[in-house]
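So the structure is just underneath, and the comments pick up after that.
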Amino acid sequence: EKYLIQLLGQLSDDFGIDKAVLEYYIVKPYYLEQDTIVNKNLIFTSNNHNTDEYFKYNWNLADINIGPGDEIIYWIKAYDNNSATGPGIGVSNTLRAYFPSLEELFLEVENEQENIFETFDNMNDSMEELKNMYEDISNDVLKQEMGWEQEKNSDEMINEIETISSKIESLEKAIQKIEELNENNNLINENLGDKIETLQKMFQDIITPELMAALQELQKSLNEDDFKKSLEELNNFEFEMEDLENQLDRMIDLFEQVVAEQKLNELIKKIENMVNLQKEISNEIKNKAKDSSIKPMEEKQSRNLDDLFKTMENAEELLKKNNKKTADNLNELRNSSIAHNLQKEINNISNNSGPNKKESSDKIENHINEMENKLNEIISEYNKKMSIEILTMYTRIIKNLLDMSYEQELINKESENIKYKTNSNIKNITSKENIILYQYKNLFIQISDLSRKSFHIKPEVSKTFGQIFNNLIKTINNF
């Protein structure tokens, strides 16, 4: 968290400036005891007592006891050098610095995530428009109908790609906003932060130069009424367009993974917040504070628990599609005896007093700690499962590549002495090549599946394997 406020100012006084002081107090959330003490920080003392002074003051808040939901009310006082009747004091406008609560921060992240999903939906609509335009041009070219109408369609395709590019820019900004919120407020762990950063870089490279070049070449061939070249450029553009669609689908899958993992991080932050608040409640009870001071804290803790259960339910829904085991574990914890006992104690604590209240608070602390431990176990199991699953997929792909390479070497040796197409072994070799082609198709699917789970597969990897697959088909057909 960046606990720093930079203050800049200009002071003027006919008697000269003697000193400037920062004064402030902290307004705590309603459920915590208020501290109305006005604190003072010396900004500077002037040795020359100039009539005009400029100052730059970096106010470090790290040593101030502030937390989520706190608001700092502050102002600056300037003292002049009037030693006869003074000093005169000038006071700035009152300013405020607010530290958002965890709920507000996560709500802001959630709003940005919803905007991203909405943009993805819009981009999918644009992709469908692009594919429809391609189909129209493709059908016309096959009928050898090339002219102004087809050129117009190709211009519209460029406009649609520009629309997609514009939406990608808005996605980048939204991802950057989420990244800044997470980084500045320590909302997530480093591993998830790296994933978000990687995702942002992927967005920057999704509209490839090859896609635009393929469309430009298609336009050129249409303008020249070159039937053969138009067919070739249509195939090139179709490949690039499919690659764009695959990359967008991959981005959606990876972003859904990020959202789910962010929700798991949110659960940990919220349970930690409950741990800290309950310790404060126990401390207030121990110090025999008035019930009127403790009750708002107890009410806040009750709302925290409701919010925690709601967040768990949201996490279950997000994980249900790709990680049902984790979703089931969260559901089981939410409906466990630990959760029920915690709910019961939080609901009843306000009815207790004296030693009973202290005992009830201690029980709540224990139950919250149990919940926290269980949540950490579930998330640890999730991370381990994901790592093993991705490692297994990597291993399978490497093994299949090695097996295919070995099989291809055997075929190469078998075909070394074949000089004529009439050779009786050609049919056998072609059959073996078709088997390898089928294996390669499965391998390509495995790589696509891996790329939708792993952030370490570069976009060009899937594209390269797609190009190899197309070349294999051409080679076998020409054999």
Side-chain angles (χ1 to χ4, degrees), residues 191-192 194-195 197-199 201-202 205-206 208 210 239-240 242-258 260-261 319-329 379-418 425-479:
N191 182 44
L192 183 53
D194 290 341
K195 289 181 180 179
E197 187 178 346
T198 301
L199 194 60
K201 289 176 182 175
M202 287 180 185
D205 302 326
I206 197 168
T208 63
E210 290 83 1
F239 177 80
E240 296 295 338
E242 286 177 353
D243 179 63
L244 173 61
E245 186 175 25
N246 290 335
Q247 291 304 324
L248 286 176
D249 289 341
R250 182 194 180 196
M251 299 298 171
I252 293 171
D253 287 340
L254 291 177
F255 185 68
E256 285 177 348
Q257 182 182 330
V258 163
E261 291 184 15
L319 289 160
K320 196 178 291 182
K321 184 174 81 171
N322 295 320
N323 208 308
K324 191 174 182 302
K325 180 74 166 80
T326 305
D328 290 343
N329 288 340
I379 293 171
S380 177
E381 184 180 334
Y382 165 85
N383 291 329
K384 184 178 179 181
K385 181 178 179 295
M386 287 292 291
S387 298
I388 292 173
E389 186 177 346
I390 289 173
L391 182 60
T392 302
M393 293 173 81
Y394 268 111
T395 305
R396 185 186 300 123
I397 288 169
I398 292 169
K399 181 183 182 302
N400 290 342
L401 275 171
L402 290 172
D403 290 345
M404 287 170 60
S405 177
Y406 175 73
E407 291 295 330
Q408 187 61 52
E409 284 180 15
L410 293 178
I411 294 173
N412 290 345
K413 286 181 181 179
E414 188 176 347
S415 61
E416 279 177 358
N417 298 321
I418 294 179
N425 284 334
I426 284 182
K427 187 176 180 181
N428 182 45
I429 291 172
T430 303
S431 175
K432 289 179 179 179
E433 288 288 11
N434 280 322
I435 291 172
I436 286 185
L437 182 63
Y438 177 77
Q439 291 172 340
Y440 190 90
K441 183 179 179 181
N442 288 335
L443 179 70
F444 180 67
I445 292 170
Q446 290 170 7
I447 291 171
S448 297
D449 290 342
L450 176 61
S451 71
R452 290 168 183 248
K453 290 180 177 292
S454 173
F455 287 77
H456 300 292
I457 301 291
K458 292 184 177 180
E460 54 265 29
V461 172
S462 296
K463 184 176 181 179
T464 301
F465 273 86
Q467 289 169 329
I468 293 171
F469 182 66
N470 288 339
N471 292 334
L472 275 173
I473 294 174
K474 290 178 184 177
T475 303
I476 292 172
N477 288 338
N478 293 328
F479 190 74

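Along the sequence shown, residues are numbered consecutively beginning with 1.
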### Query
Would you say N323 and K325 make side-chain contact, with heavy atoms under 4.5 Å?
yes

### Task
Nearest 0.5 Å please: distance from the CZ atom of R452 over to the CD1 atom of I447.
13.5 Å

### Side chain S451, main chain S448, donor-acceptor under 3.5 Å
yes

### Note, T326 side chain near E381 side chain (heavy atom, < 4.5 Å)
no

### Message
Tell me the closest heavy-atom pair linking L254 and L199, and the distance in Å.
### Response
CB-CD1, 4.0 Å

### Contact check, side chains of N191 and F455, non-hydrogen atoms, under 4.5 Å
no

### Message
Can you see whether E414 engages N428 through a side-chain donor-acceptor pair at a distance of less than 3.5 angstrom?
### Response
yes

### Query
Quick one: does S387's side chain have a donor or acceptor within less than 3.5 Å of a partner on N383's backbone?
yes

### Task
Run the numbers on E242 and N246 for side-chain hydrogen bond (donor to acceptor under 3.5 Å, both in side chains), then give the verdict.
CA-CA 6 Å; E242 286 177 353; N246 290 335; 5.9 Å; no

### Minimum side-chain heavy-atom gap L437-E433 below 4.5 Å
no

### Task
State the OG-CD1 distance between S431 and I426, to the nearest 0.5 angstrom.
13.5 Å

### Query
Can you check whether Y382 reaches L319 side chain to side chain, under 4.5 Å on heavy atoms?
yes

### Query
Would a 4.5 Å heavy-atom cut-off, applied to side chains only, mark K432 and E407 as touching?
no

### Query
How many angstroms lie between atom CD1 of I390 and atom NE2 of H456, to the nearest 0.5 angstrom?
7.5 Å

### Query
Okay, side chain of T392, backbone of I388: is any donor-acceptor separation there less than 3.5 Å?
yes

### Query
Who passes salt bridge (charged side-chain N to carboxylate O under 4.0 Å, His left out) against D194, sequence neighbours left out?
none

### Message
Is there a side-chain contact between Q408 and Y440 in this structure, where contact means two heavy atoms from C-beta onward sitting under 4.5 Å apart?
### Response
no

### Message
Nearest 0.5 angstrom please: F465 CZ to I457 CD1, how far?
### Response
9.0 Å

### Any donor-acceptor pair under 3.5 Å from S454 side chain to L450 backbone
no

### Any side-chain donor near an acceptor of the partner, N442 and Q446, under 3.5 Å
no

### Task
Considering only NZ, NE, NH1 and NH2 on the basic side and carboxylate oxygens on the acidic side, decide whether E409 and K413 come within less than 4.0 Å.
no

### Query
Are D403 and K399 close enough for a salt bridge, meaning some N to O gap below 4.0 Å?
yes

#### Entry: Gap between atom CE of M393 and atom NZ of K453 - 0.5 Å precision
6.0 Å

### Task
Report yes if the side chains of N322 and Q257 come closer than 4.5 Å at any heavy-atom pair, otherwise no.
no

#### Entry: Rounded distance (nearest 0.5 Å) linking atom CD of E240 with atom OG1 of T208
5.0 Å

